[in-house]
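So you know, we letter chains A, B, ... as the sequences are listed, proteins then strands, and number each from 1. It should be emphasised that the depicted structure is a prediction, and the values quoted were computed from it without experimental measurement.
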Amino acid sequence: MTEKRKISLTVNGESREVDVEPRWLLSDVLRHELGLTGTHVGCEHGVCGCCTVLIDGAPARSCLALAVTIDGSEITTVEGIAEEDGRLHPLQESFQKHHGLQCGFCTPGFLMTAMPFWADAEDMTDDELRKEISGQLCRCTGYSGILASIRGAAAIARERQGER
Amino acid sequence: MTTKMFGAPVQRNEDPRLLTGKGRFVDDFESGAYGAAFLRSDFGHARILSIDTSEALALDGVYGVYTHADLEGLLSEPLPLLIPSPNLFAPRTQYALAKEEVCYVGEVVAMVVARDRYVAEDAVGLIFVDYEPLPVASDLEGASLPDAPVVHSDMPDNVSGRATEEKGDVDSAMASAAHVFEWRFEIERAAAMPMETRGVVANYDHRTGSLLLHDSTQAPTGVRGGLAQLFGLDPDSVHVVAPDVGGGFGMKVIQFYPEEVMVAWASRKLGHPVKWIEDRREDFVGSNHERGQVHHIKVAADTDGRILAMDVKFINDAGAYCSYGLIIPIVTAAQIQGPYKIENFRYEYRNIFTNKVPTSPYRGAGRPQAVYVMERVMDKVAGELGIDRAEIRRRNFIGPDEFPYEVGVAWQDGGNVVYDSGEYEKGLDVLLEALDYEAFLTEQKEAREHGRLLGLGFGCYVEGTGIGPYEGAVIKILNDGTVNVAIAVGTQGQGHETVFAQIVADELGVAVDAVKLVSGDTRRLGYGVGTFASRSAVVAGNAVHKAAQTVKLKAAEVASRSLEVAVEDLVFADGRVHVDGAPDVGIPLGQLAIISNPLRYAFGKESEEAVLLAQRAYAGSDRPLPEGTSPGLEATEFFSPTAGVFAFGTHAAIVEIDHDTCNMKILRYVVHHDCGKVINPMIVDGQVQGGVAQGIGGAFFEKFEYDDEGQLTNASFMDFLIPYATEIPALELHHTETPSPLNPLGIKGVGEAGTIPGAAVIANAVSDALGQPIDTMPLSPLKLFELMHPGHQEA
Ligand code: FES
Ligand code: FES
């Protein structure tokens with residue numbers, strides 16, 4: 001169980017090789033082997049969603065994946081979503097603008113969960129949007145700031161487009 | 001002129017860091033640390049006959065396996081009693097590792113340190129403990145009975161403390177009252193459940209004899225002092241950092257949890273950093289709970305619904321140990337009268353041990369129970385006498401001209417409860433208007449005719465906040481004009497890096513993001529108490545304010561000497577100090593900082609200028625540093641409040657119960673809230689919203705399922721339901737601002753307010769919807785089914 005195997009991942013656009021024990025969770029490998037501590041672990045049983053990352057573009061719970069099983073995949077974490085010039089991603093900026101976070105522990109999970117749909121969120125009904133994030137727990141905010149943040153991201157993106 | 005930042009919805013300084021994955025939570029430190037894991041009791045109550053650690057020790061990668069037999073000196077004694085009290089006559093605190101007896105499922109029995117957490121957990125599975133099971137006292141009321149099994153074998157019963165107080169003459173008031181009612185109320189356990197569990201990383205350096213602890217705690221200064229004493233270390237060599245804390249809500253304020261001392265001890269023993277991060281199951285069974293109480297109430301009213309006398313007898317579920325003393329029942333007893341004027345009042349409580357996780361304050365701390373009971377009483381008296389529920393509250397409120405108001409009972413700091421200021425009726429009016437209360441009553445009548453189960457519930461509360469003894473702040477202006485601030489209280493998401501920066505920004509005329517605040521790091525400020533009891537903004541906020549004023553004065557004196565103008569003629573704005581009426585004649589704050597410490601070390605043109613200015617500044621003095629001054633623009637100040645300050649508010653929910661699913665839908669949740677002067681309305685709203693979500697969670701979703709053996713049968717997020725976005729409605733928030741006269745900023749705390757009336761509001765609303773008393777909490781669809789279908793109870 002403790003014999004390591006080498007796997008290759010593309011993490012935030014960079015290829016990384018890492019020796020992992022077969023039982024290591026992706027969340028542990030990201031955090032402790034690759035130093036990407038922005039991905040948080042709140043339950044390790046797939047319910048809170050804090051550990052959500054994108055695996056090949058789709059949100060997934062890194063606490064439920066054994067790193068060895070996703071050899072060759074492309075991973076995006078919260079460290080990899082800001083603009084190339086270092087500016088916050090519109091979704092990140094919207095979280096600051098609409099007070100979408102307090103302690104910030106759940107936040108990376110919400111950001112990664114919303115990555116595939118934030119651009120369409122302003123047209124969703126309240127119920128639809130709530131359902132989209134109904135796999136993510138936040139204990140601090142009561143969610144209203146989070147909902148406003150996701151909904152408000154598209155406007156920020158548009159404003160930026162205008163600036164160009 | 002710079003716009004005032006105090007009172008503005010300023011965006012948070014901490015957000016960019018937290019949004020980009022650069023937050024630093026406890027598990028983000030010391031990636032090379034050894035991993036620790038703990039073996040915990042599987043029994044609610046048992047004697048430990050033997051522990052066999054040999055197989056665990058033999059496992060490859062295991063560096064240490066420890067039981068109580070390995071502990072020496074103070075560490076082999078029970079952990080400290082944090083808040084002793086004369087009324088706490090039988091305190092019990094737990095050992096760092098259980099000695100001969102375990103008293104709850106989850107109690108720490110043995111510790112493993114290994115190459116990593118995976119191996120440590122393997123080894124935990126290889127420790128064999130021989131237990132002799134003992135009778136278990138699981139149920140609170142059962143444990144309080146004289147013939148109950150004892151939680152601690154060395155005690156004759158389970159009563160750890162008792163207190164009573166009376167104001168007026170309750171018995172005579174009852175004897176002559178028009179109406180006297182008696183009711184029983186019960187509220188079960190709840191818990192904080194922050195998204196980040198607890199965690200500790202210790203690094204003991206043998207060369208220097210120093211210990212650095214990163215701890216997800218709300219009270220790093222206390223942890224530091226305690227550890228120094230425990231290990232006989234020079235306190236200046238022990239440092240505790242509470243980094244970013246992923247929520248605590250009171251649960252992370254306890255010192256000591258056993259793991260906190262054991263991890264530090266193991267690092268010292270092994271000469272290597274050691275880390276323990278609690279997993280979620282451990283959090284369920286190893287981190288403190290709160291709330292469990294049973295009340296027997298006798299209340300007397302006149303025919304107008306005025307409460308003439310109240311007699312409160314309650315028991316409080318202490319769990320297996322009580323390191324936090326009697327704080328919870330003290331707060332319940334002291335706050336149960338809420339915003340109401342009750343001339344004759346008596347309470348008696350008993351603090352009862354049970355074989356379950358220990359309890360200590362969780363957001364609200366004894367108040368949610370108090371408010372639940374009082375507000376049910378109000379509704380029930382209104383119902384009995386046929387009085388409108390808003391009206392009966394109005395008739396009983398303390399009037400706006402009655403402050404300061406002596407509540408007539410003792411407070412947690414030992415003094416008496418005295419409300420500093422309040423406008424309770426005005427608050428209710430704000431709420432009723434927002435609700436359109438009259439329209440609701442009509443709507444409800446129609447809805448009922450169509451068989452819809454629509455109900456409204458109120459919850460009025462007063463929240464004691466901002467207790468002492470003190471907090472401090474260190475402020476330093478750097479050579480580049482940045483203002484560094486250090487406070488001893490940690491943060492747990494309340495936006496300290498922003499709200500305290502706002503206070504400083506106004507005082508020194510700098511931008512909010514030019515203020516860099518570090519909180520909860522004993523290397524920066526060793527004196528302080530902690531972030532709990534809604535006290536940080538009030539106590540640390542006023543300390544920051546004071547320190548900013550002192551620094552400002554220092555800077556003004558230096559500027560006055562450099563510019564040769566009187567201090568009174570100087571203006572602080574845009575990061576500079578300039579002469580009033582002549583904005584061009586001035587000096588940037590950073591340059592003033594250099595002038596105040598004119599060493600010939602600095603780089604850049606600004607520094608050269610500053611050295612020249614310094615020569616001028618000191619020309620009139622007989623020495624470079626004039627008598628009575630100190631180098632640098634730095635100040636440390638402390639604020640100690642004379643008494644707590646009391647925030648207040650009223651919440652209301654309109655709910656509808658589904659006939660078929662028995663689910664409850666919250667159609668509206670309206671809040672009136674008053675926490676005095678608001679520093680940042682965006683953050684205050686966030687605190688209230690998050691608090692309400694926890695209140696709703698505790699009232700309808702979160703329920704600990706303990707069985708008779710003291711097993712927590714739903715210790716995971718799969719089975720214990722914390723509300724998601726689909727369960728929490730959009731809130732309607734309304735504020736008034738009644739300043740506190742007791743501190744210069746006029747502020748009161750806000751951290752717990754949202755949670756406090758949760759149980760009351762939901763119980764009253766559901767009771768109204770179903771036309772049935774809701775006198776045990778929490779609720780759930782299953783419980784509503786039982787209430788709505790009494791014949792099916794056994795099904
Ligand atoms: S940590 Fe992965 S879902 Fe909770
Ligand atoms: S912001 Fe703290 S858990 Fe969501």
Does a salt bridge link [X] with [Y], judged by any charged N lying under 4.0 Å from a carboxylate O?
X: A:Arg23; Y: B:Glu121; value: no
X: A:Lys97; Y: B:Asp15; value: no
X: B:Arg117; Y: A:Asp28; value: no

A:Gln102 side chain vs B:Gly495 backbone, donor-acceptor pair below 3.5 Å: no
B:Gln694 side-chain N/O to A:Arg139 backbone N/O, donor-acceptor pair under 3.5 Å: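 Here the side-chain-to-backbone pair exists.
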Would you compute the distance between atom [atom1] of [X] and atom [atom2] of [Y] and round it to the nearest 0.5 angstrom?
X: B:Thr498; Y: A:His99; atom1: OG1; atom2: NE2; value: 9.0 Å
X: B:Arg12; Y: A:Leu101; atom1: CZ; atom2: CG; value: 4.5 Å
X: B:Glu727; Y: A:Tyr143; atom1: CD; atom2: OH; value: 8.0 Å
X: B:Thr726; Y: A:Leu129; atom1: OG1; atom2: CG; value: 11.5 Å
X: B:Leu19; Y: A:Leu88; atom1: CG; atom2: CG; value: 6.5 Å
X: A:Leu147; Y: B:Ile728; atom1: CG; atom2: CD1; value: 11.0 Å

Without placing hydrogens or testing angles, list every side-chain donor-acceptor pair under 3.5 Å for residues 42-50 of chain A, not counting sequence neighbours.
{"residue": "A:His45", "atom": "ND1", "partner": "A:Cys43", "partner atom": "O", "Å": "3.0"}
{"residue": "A:His45", "atom": "NE2", "partner": "B:Phe717", "partner atom": "N", "Å": "3.0"}

Contact class of [X] relative to chain A, heavy atoms under 4.5 angstrom:
X: B:Val119; answer: both
X: B:Ile683; answer: both
X: B:Pro729; answer: backbone
X: B:Glu196; answer: both

Residue among A:Gly135, A:Gly100, A:Cys138 with most heavy-atom pairs under 4.5 Å to chain B: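 That would be A:Gly135.
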Under 4.5 Å heavy-atom distance to chain B, tell me which part of [X] shows up: side chain, backbone, both or neither.
X: A:Leu111; result: side chain
X: A:Glu132; result: neither
X: A:Thr141; result: backbone

Member of A:Glu93, A:Gln96, A:Gln92 meeting the side chain to side chain contact (heavy atoms under 4.5 Å, CB included) criterion with B:Pro16: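 Going through A:Glu93, A:Gln96, A:Gln92 one by one, the side chain to side chain contact (heavy atoms under 4.5 Å, CB included) with B:Pro16 is satisfied by A:Gln96 alone.
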Closest contact, heavy atoms only, [X] versus [Y]:
X: A:His40; Y: B:Phe25; result: CE1-CE1, 3.4 Å
X: B:Gly247; Y: A:Cys103; result: N-CB, 3.6 Å
X: B:Ala725; Y: A:Ile133; result: CB-CD1, 3.7 Å
X: A:Gly142; Y: B:Ala693; result: CA-CB, 3.6 Å

B:Arg115, CZ: over 12 other non-hydrogen atoms inside 6.0 angstrom: yes
Parallel, tilted or perpendicular: rings of A:Trp24 and B:Tyr118 (30°, 60°): tilted
Close side-chain approach of A:His32 to B:Asp27, heavy-atom, < 4.5 Å: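 They are in contact (side-chain heavy atoms under 4.5 Å apart), so the answer is yes.
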Min side-chain heavy-atom separation A:Cys140-B:Phe249 under 4.5 Å: yes
Largest heavy-atom contact set with chain A, pairs under 4.5 Å, which of B:Met718, B:Gln689, B:Met195, B:Glu278: B:Met195
Top contributor to chain A contacts, counting heavy-atom pairs under 4.5 Å, from B:Val692, B:Asp28, B:Leu18: B:Asp28
